[in-house]
Amino acid sequence: MSSTRSASSARSTSSAPNAPSARSTSSAPNAPSARSTSSAPSAPSTHEAARPSAGSGRRLLDVPAPSWGADPYADALRAGRGPLFLRRADGWLLPLDVERWCAHADATDLEVVARCEGAVLDIGCGPGRLVAALAARGRHALGIDVSRAAVAHTTGLGGQALHRSVFEPLPGEGRWGTALLLDGNVGIGGDPAVLLARTEELLAPGGLLIAETAPMDIDERVDVRLVPATDVHGAYERPFPWARLGTPALLRHAGRAGWRATGQWSADGRSFVALRSRRTRSNPEPANSTAVMSSQRARKPSPDRPVADA
């Protein structure tokens, strides 16, 4: 989540965590090289950048968000296992599937990989199994996460990743072919409408969003804490906003925002939705895309390479 990836899987929300600056690897030439990140601010360690929610009047994460780069999330990633939970105020615990996130991409993940188009942005990439799988297949992919431990894990697998919130300026805004919101990361920020709007800004016109949904009919907005089994009260963590959406709920939110549903499927107890952006106006150089260096702007990006090589 991370950006916790979603309530059910928190790889880290556009949507966990970060690590040392991303290494540039030849297997993912699509993602910016490490030097392309110096001009962009790194994500705050305890607060994701807030954006006004169109129509709602509220701002995302006006309360401190969890530090995915510190205990207990970073410890769980380094160990490759939990237990790790999201805890609601009423004491209900949602177990997070750390072992699966830290493993290699499984058959269900690879089906997602096969559906990706063009350059891929994995929002809340967590320990990077999808980014690594895409890179191994010669696909251009970049992971972003607010957890430094997650970004370090991803780059250690040979993928490219940036320590960045989805709500901060990102490389290649408006040019990504596919965005991923897996492992519960559709809950990042606790406001699905705002997250969907931000994701559409990142995609090229007609771009593809693949989102994983809760395997039940739920539409929940809650404040949660990230806790290990040894600290179920989460006294050291302040609550942060999160959302859980089943497929019907995501389709409702997406329909109101103008997205077009192009597919739904389930595998191994997990549920997915494919959505197509209806945005038609191309905006190749958004004003807030400060993450792209001037040396990169001089080169013409291709559909499979939203950030030109410097």
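Here the side chain of Thr154 pairs no donor or acceptor atom with the backbone of Gly159 at under 3.5 angstrom. Side-chain atoms of Arg198 come within 3.5 Å of backbone N or O of Val166 as a donor-acceptor pair. Checked by atom type and distance alone, the side chain of Asp75 never pairs as donor or acceptor with a backbone atom of Pro72 at under 3.5 Å. A donor-acceptor distance shorter than 3.5 angstrom exists from the side chain of Arg137 to the backbone of Ala133, with no hydrogens or angles considered. The main-chain N or O of Thr108 is never found under 3.5 Å from a side-chain atom of Glu111 such that the two would form a donor-acceptor pair. No side-chain donor-acceptor contact under 3.5 Å links Arg260 to the backbone of Gly206. A donor-acceptor contact shorter than 3.5 Å links the side chain of Glu173 to the backbone of Leu170. No donor-acceptor pair under 3.5 Å is formed between the side chain of Arg139 and the backbone N or O of Val120. A donor-acceptor contact shorter than 3.5 Å is absent between the side chain of His140 and the backbone of Ala119.
Side-chain atoms of Leu245 and His253, non-hydrogen and from C-beta on, do get closer than 4.5 Å to each other. Residues Thr199 and Leu181 meet the side-chain proximity criterion, which asks for heavy atoms closer than 4.5 Å. Inter-residue side-chain proximity for Phe85 and Leu96 is flagged as unmet; no heavy-atom pair is nearer than 4.5 Å. By the 4.5 Å heavy-atom criterion applied to side chains, Pro171 and Leu162 are counted as neighbours. Side chains of Leu196 and Trp259 form a contact here, defined as non-hydrogen atoms less than 4.5 Å apart. At least one side-chain heavy atom of Arg244 sits less than 4.5 Å from a side-chain heavy atom of Met216. At least one side-chain heavy atom of Leu250 sits under 4.5 Å from a side-chain heavy atom of Val186. Side-chain contact between Leu226 and Leu86 is present, with heavy atoms from C-beta onward closer than 4.5 Å.
Heavy-atom neighbours of Arg81 CZ from other residues, nucleotides or ligands within 6.0 Å: at or below the threshold of 12.
Under a cutoff of 6.0 Å and an axis angle of 45°, Arg115 and Trp265 form a cation-pi pair.
Nearest heavy-atom pair across Ala141 and Gln160 is O-CB, 4.1 Å. Closest approach of Leu208 to Ala274, counting heavy atoms only: CD1-CB, 4.1 Å. Among all heavy-atom pairs drawn from Gly80 and Val98, the shortest one is C-CG1, 4.2 Å. The minimum heavy-atom distance linking Leu157 with Ala132 is given by the pair CB-CB, 3.9 Å. For the residue pair Cys125 and Ala161, the shortest heavy atom distance occurs at SG-CB, 4.3 Å. Of all heavy-atom pairs between Ala254 and Leu275, the closest is CB-CD1, 3.7 Å.
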Does the side-chain contact (heavy atoms from CB on, under 4.5 Å) test come out yes or no for Val112 and Leu182, once each step is laid out? CA-CA 10 Å; Val112 171; Leu182 304 184; 4.1 Å; yes

Assess whether salt bridge (Lys or Arg N to Asp or Glu O under 4.0 Å) is satisfied between Arg252 and Asp219, documenting all intermediate values. CA-CA 10 Å; Arg252 287 194 299 271; Asp219 189 351; 3.7 Å; yes

Start with the C-alpha gap between Ile144 and Leu121, add the side-chain angles, then the distance that decides, and say whether side-chain contact (heavy atoms from CB on, under 4.5 Å) holds. CA-CA 8 Å; Ile144 59 169; Leu121 180 66; 4.1 Å; yes

Can Arg270 and Glu212 be said to form a side-chain contact (heavy atoms from CB on, under 4.5 Å), step by step? CA-CA 7 Å; Arg270 299 166 64 191; Glu212 184 172 354; 2.9 Å; yes

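Residue Leu203 holds its CG atom at 10.0 Å from CD of Glu117, rounded to the nearest 0.5 Å. Atoms CZ and OH, from Arg78 and Tyr73 in turn, are 11.0 Å apart once rounded to the nearest 0.5 Å. Rounding to the nearest 0.5 angstrom, the gap separating the CG atom in Asp97 from the SG atom in Cys102 is 9.5 Å. Rounding to the nearest 0.5 angstrom, the gap separating the CZ atom in Arg164 from the CG atom in Leu142 is 9.0 Å. Expressed to the nearest 0.5 Å, how far CG of Leu134 lies from CG of Asp109 amounts to 10.0 Å. Atom CD1 of residue Ile210 and atom SG of residue Cys116 lie 4.5 Å apart, to the nearest 0.5 angstrom.
No side-chain N or O of Ser271 forms a donor-acceptor pair with one of Thr247 less than 3.5 Å apart. Glu200 and Ser277 share a donor-acceptor pair across their side chains, judged by distance under 3.5 Å alone.
The hydrophobic cluster containing Ile218 does not contain Trp242, counting ILVMFWY residues as joined when their side-chain heavy atoms lie under 4.5 angstrom apart, directly or transitively. Linking ILVMFWY side-chain heavy atoms closer than 4.5 Å, directly or via other members, places Val224 and Trp92 in a single hydrophobic cluster.
Salt bridge annotation for Arg225-Asp223: absent, with no cationic side-chain nitrogen under 4.0 angstrom from a carboxylate oxygen. Glu220 and Arg88 are joined by a salt bridge, as a carboxylate oxygen and a charged side-chain nitrogen come within less than 4.0 angstrom of each other.
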